[in-house]
Amino acid sequence: MNKKVLVISTSMRQKGNSDQLADEFIKGAEDAGHTVGKITLYDKAIHFCKGCLACQNSTQGHCVFQDDADAIIKKMAEADVIAFATPIYFYEMSGQMKTLLDRSKPLFPIAYKFRDIYLLTSAADGEKSAMDGAIKGLQGWIDCFEEARLKGVVYGTASDAMNAILTHPETLQAAYEMGSHV
């Protein structure tokens, strides 16, 4: 079955390690016959959520801020699968990713399509436990969507300098394989 896959790369570093994992995931998904779109946040303007809940008001239906988040959230709602790629900063997801997740409140009252969520990470730390904070944070978001579930995580450990992920072909392969099995 052809699925609509959305990959959101949240790094502010173009072609950084987590972005390269995202590209491998995309190759795998495309090779498996899925339709894939990619959004990168490095060039997007996304304001912080101010908690006004206007986005959930039936007459408003979208955020009061007019920035790039609205278009991204619409694509999230239409995707069957969402993969987030993030560098790990201070043992947590990137701030850009957290801000986008906070701004995704307009998804609550609508019939979103996504069911499967994936996380692709890269961190300077060599231990998989460095990703625990990001996984917990993403799981908290997923728990707000009854039909969604975390299907897999790629652990890009010991990858801080530009292109460090290229010295870990097994991690790149894991991202490709995960993408090919969505």
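Heavy-atom basis, side chains included; hydrogens, waters and symmetry copies ignored. Just so it is clear, the model here is predicted, and its values are computed rather than measured.
- In terms of modelled atom types and a separation under 3.5 Å, the side chain of D116 and the main chain of D80 share no donor-acceptor contact.
- Judged by distance alone, with hydrogens and angles left aside, the side-chain atoms of S11 form a donor-acceptor pair with the main-chain N or O of R13 at under 3.5 Å.
- Minimum interatomic distance between M131 and A123 (heavy atoms only, all atoms of both residues): CE-CB, 3.7 Å.
- Although no hydrogens or angles enter the test, the distance criterion places a donor-acceptor pair under 3.5 Å between the side chain of D67 and the main chain of H47.
- At distances below 3.5 Å, at least one donor-acceptor pair connects side-chain atoms of T121 with backbone N or O atoms of V154.
- With sequence neighbours left out, the ring-ring contact (aromatic ring centres under 6.0 Å, His included) criterion links F145 to F108, Y112, F114, W141.
- Note that NZ of K105 is 8.5 Å distant from SG of C52, once rounded to the nearest 0.5 Å.
- With hydrogens and angles left out, the side-chain atoms of D43 and Q14 include no donor and acceptor closer than 3.5 Å.
- Of the possible donor and acceptor atoms, one in the side chain of H34 sits under 3.5 Å from a partner among the backbone N and O of K3.
- Using a 4.0 Å cut-off between charged nitrogen and carboxylate oxygen, K136 and D132 do not count as a salt-bridge pair.
- Between D125 and Y91, the side chains place a donor N or O and an acceptor N or O closer than 3.5 Å (distance only, hydrogens not considered).
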Take Y118 and F84, measure what ring pair (Phe, Tyr, Trp, His ring centres under 6.0 Å) needs, and give me the verdict at the end. CA-CA 6 Å; Y118 294 88; F84 293 97; over 10 Å; no
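- Side chain of N17 to backbone of S159: a donor-acceptor contact under 3.5 angstrom is found.
- Taking K128 as the reference, nothing meets the salt bridge (charged side-chain N to carboxylate O under 4.0 Å, His left out) condition, with sequence neighbours excluded.
- Side-chain N/O atoms of D143 and Q139 include a donor and acceptor closer than 3.5 Å.
- Side-chain atoms of E24 and Y176 include no donor-acceptor pair closer than 3.5 Å.
- Residues passing the salt bridge (charged side-chain N to carboxylate O under 4.0 Å, His left out) test with K44: none are found, sequence neighbours excluded.
- A side-chain donor from one of S94 and T10 sits under 3.5 Å from a side-chain acceptor of the other.
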